[in-house]
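As the structure is a computational prediction, the values presented were derived from the model and not from experiment. Throughout, a chain's letter reflects where its sequence line sits, starting with A, and its residues are numbered from 1.
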Protein chains: 2
Amino acid sequence: MNIGDVSSRSGLPAKTIRYYEDIGLIKPHRSANGYRCFAETDLHKLAFLGRARALGFTIEDCRTLMALYEDESRASADVKQLALEHLAKIEAKIADLQAMHDTLGELVKGCAGDSRPDCPILRDLSGEG
Amino acid sequence: MNIGDVSSRSGLPAKTIRYYEDIGLIKPHRSANGYRCFAETDLHKLAFLGRARALGFTIEDCRTLMALYEDESRASADVKQLALEHLAKIEAKIADLQAMHDTLGELVKGCAGDSRPDCPILRDLSGEG
DNA sequence: TATGAGGGTTCCAGTCAGGGGAAGGTCAAG
DNA sequence: CTTGACCTTCCCCTGACTGGAACCCTCATA
């Protein structure tokens with residue numbers, strides 16, 4: 001398989017696939033003409049990576065997850081721990097965003113949104129002046 | 001005021017303040033020795049920027065907000081629109097993160113987390129194989 | 001046989017919002 | 001006079017790609 005095929009079958013852009021090779025996540029063979037030559041296992045790995053990235057895991061997490069996946073003697077505890085740490089980071093981000101959302105929502109609610117200059121949003125940003 | 005004073009009074013790192021000057025958000029004067037020389041208005045602007053950034057506005061949004069703030073003849077509608085657009089982006093991010101959280105949470109719940117290799121998280125990532 | 005389309009390759013630069021650190025100038029205190 | 005705390009500019013680094021330039025390969029068509 002050439003990179004275009006793997007790209008459409010995995011849903012990942014060709015650029016991303018080349019990047020993943022660059023950083024050592026996959027190691028496709030090369031054809032005589034220099035083209036990358038992907039096996040089914042490469043495609044499978046890329047799909048794995050795509051799903052892990054979609055769950056928000058960092059590239060380094062993905063590297064670890066792949067290693068665990070390929071390690072038949074892994075302990076599921078290791079996978080779970082990684083997932084729990086990631087879950088905690090997601091929760092922290094949600095909490096941050098929620099706080100912004102609540103604050104900004106309040107300010108927006110108080111803003112007339114008309115042609116006059118008076119605005120509680122700017123008043124708040126300027127330090128209640 | 002030197003940059004150290006402004007830094008501690010605004011809560012922004014000196015690096016950040018220099019960066020904000022670099023991209024034209026503030027224009028402090030210079031003393032004879034080449035040091036930046038901040039007026040109270042600069043400090044006020046930096047505090048404004050710090051609060052806007054804390055609400056998650058991008059630097060470009062901050063630039064617009066500052067311009068609106070300094071424009072006495074602004075329409076609060078313009079401020080409100082910017083804020084509403086930002087609010088929508090925050091909501092979209094929260095929704096994304098929440099979806100990740102829910103999916104990953106389900107997978108984690110099903111994972112024994114013991115010394116055995118069997119793991120629903122990896123099974124899901126590998127495509128249910 | 002030329003040529004054009006549509007693959008593929010490498011490498012460089014840019015994104016966003018700064019952070020880290022080097023090399024060097026300035027200032028007040030001891 | 002020296003020490004230490006400031007300040008300056010400069011350049012590289014981050015994550016996870018994305019865009020583009022310049023060039024090569026293959027196949028179909030005129």
Side-chain angles (χ1 to χ4, degrees), chain A residues 1-39 42-43 45-46 48-66 85-86 89-90 92-93 96-97 100, chain B residues 1-38 42-43 45-46 48-66 86 89-90 92-93 96-97 100:
Chain A
M1 264 184 294
N2 282 346
I3 201 168
D5 307 315
V6 199
S7 171
S8 57
R9 287 181 62 188
S10 69
L12 296 173
K15 279 275 188 185
T16 298
I17 297 172
R18 290 195 195 99
Y19 173 65
Y20 286 175
E21 182 188 14
D22 241 41
I23 61 175
L25 283 177
I26 51 167
K27 302 196 198 314
H29 293 119
R30 295 292 176 133
S31 307
N33 59 12
Y35 287 15
R36 285 169 187 81
C37 173
F38 297 85
D42 294 315
L43 180 57
K45 279 190 189 182
L46 286 168
F48 182 101
L49 290 168
R51 278 183 288 263
R53 292 286 299 127
L55 284 179
F57 285 105
T58 67
I59 289 284
E60 284 318 300
D61 283 349
C62 290
R63 205 188 291 279
T64 306
L65 285 169
M66 288 251 302
E85 283 167 12
H86 181 42
K89 281 178 203 152
I90 291 177
K93 271 189 201 164
D96 278 3
L97 287 169
M100 288 179 194
Chain B
M1 264 182 293
N2 282 347
I3 200 168
D5 307 315
V6 198
S7 172
S8 58
R9 287 181 61 187
S10 69
L12 296 173
K15 278 271 187 188
T16 298
I17 297 172
R18 291 194 194 99
Y19 173 65
Y20 286 175
E21 182 189 13
D22 242 39
I23 62 175
L25 283 177
I26 52 166
K27 304 195 197 314
H29 292 120
R30 295 292 177 134
S31 307
N33 58 13
Y35 288 16
R36 287 170 186 80
C37 174
F38 297 84
D42 295 315
L43 180 57
K45 280 190 189 184
L46 287 168
F48 183 101
L49 290 168
R51 277 185 288 263
R53 292 286 301 128
L55 284 179
F57 285 104
T58 66
I59 290 283
E60 285 318 302
D61 283 349
C62 290
R63 203 187 292 279
T64 306
L65 286 169
M66 288 250 304
H86 180 43
K89 281 178 203 150
I90 292 178
K93 271 190 202 163
D96 278 4
L97 287 169
M100 287 179 194

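Rounding to the nearest 0.5 angstrom, the gap separating the CG atom in Leu46(A) from the CD1 atom in Ile17(A) is 5.0 Å. With values rounded to the nearest 0.5 angstrom, Thr16(A) atom OG1 is found 11.5 Å from Asp22(A) atom CG. With rounding to the nearest 0.5 angstrom, the CZ atom of Phe57(A) is 13.0 Å from the CZ atom of Arg51(A). Here CE of Met66(B) is found 8.5 Å from CD1 of Ile26(B). Values are rounded to the nearest 0.5 Å.
A heavy atom closer than 4.0 Å to some atom of DNA chain D occurs in Arg53(A), Thr58(A), Ile59(A), these being the qualifying members of residues 48-64 of chain A.
Protein chain A touches strand DNA chain D; the 5'-most and 3'-most nucleotides with an atom under 4.0 angstrom of its non-hydrogen atoms are dA16(D) to dT26(D). In 5' to 3' order, the nucleotides of DNA chain C bounding all contacts with chain B (an atom under 4.0 Å from a heavy atom) are dA17(C) to dC27(C).
Scanning all heavy atoms of the two residues, the minimum distance from Cys62(A) to Leu49(A) falls at CB-CD2, 3.7 Å. Considering every non-hydrogen atom in both Leu55(B) and His86(B), the closest pair reads O-NE2, 2.8 Å.
Asn33(B) places a side-chain N or O within 3.5 Å of a backbone atom of Tyr35(B) that can act as its donor or acceptor partner. For Ser7(B) (side chain) and Ile3(B) (main-chain N/O), no donor-acceptor pair under 3.5 Å exists by modelled atom type.
Backbone-only engagement by Ile3(A) is indicated by non-hydrogen atom pairs under 4.0 Å involving sugar-phosphate atoms exclusively. Residue Arg36(B) is classed as a sugar-phosphate contact, given heavy-atom separations below 4.0 Å to backbone atoms only.
Note on Glu21(B) versus Arg18(B): no salt bridge recorded, every NZ/NE/NH1/NH2 to OD/OE distance being 4.0 Å or above.
For Lys15(B) and Tyr20(B), each mapped to the nucleotide of DNA chain C holding its nearest heavy atom, the one lying further toward the 5' end belongs to Tyr20(B).
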- Going through the checks in order, is the side chain to side chain contact (heavy atoms under 4.5 Å, CB included) test met by Ile59(B) and Arg53(B)? CA-CA 7 Å; Ile59(B) 290 283; Arg53(B) 292 286 301 128; 3.9 Å; yes
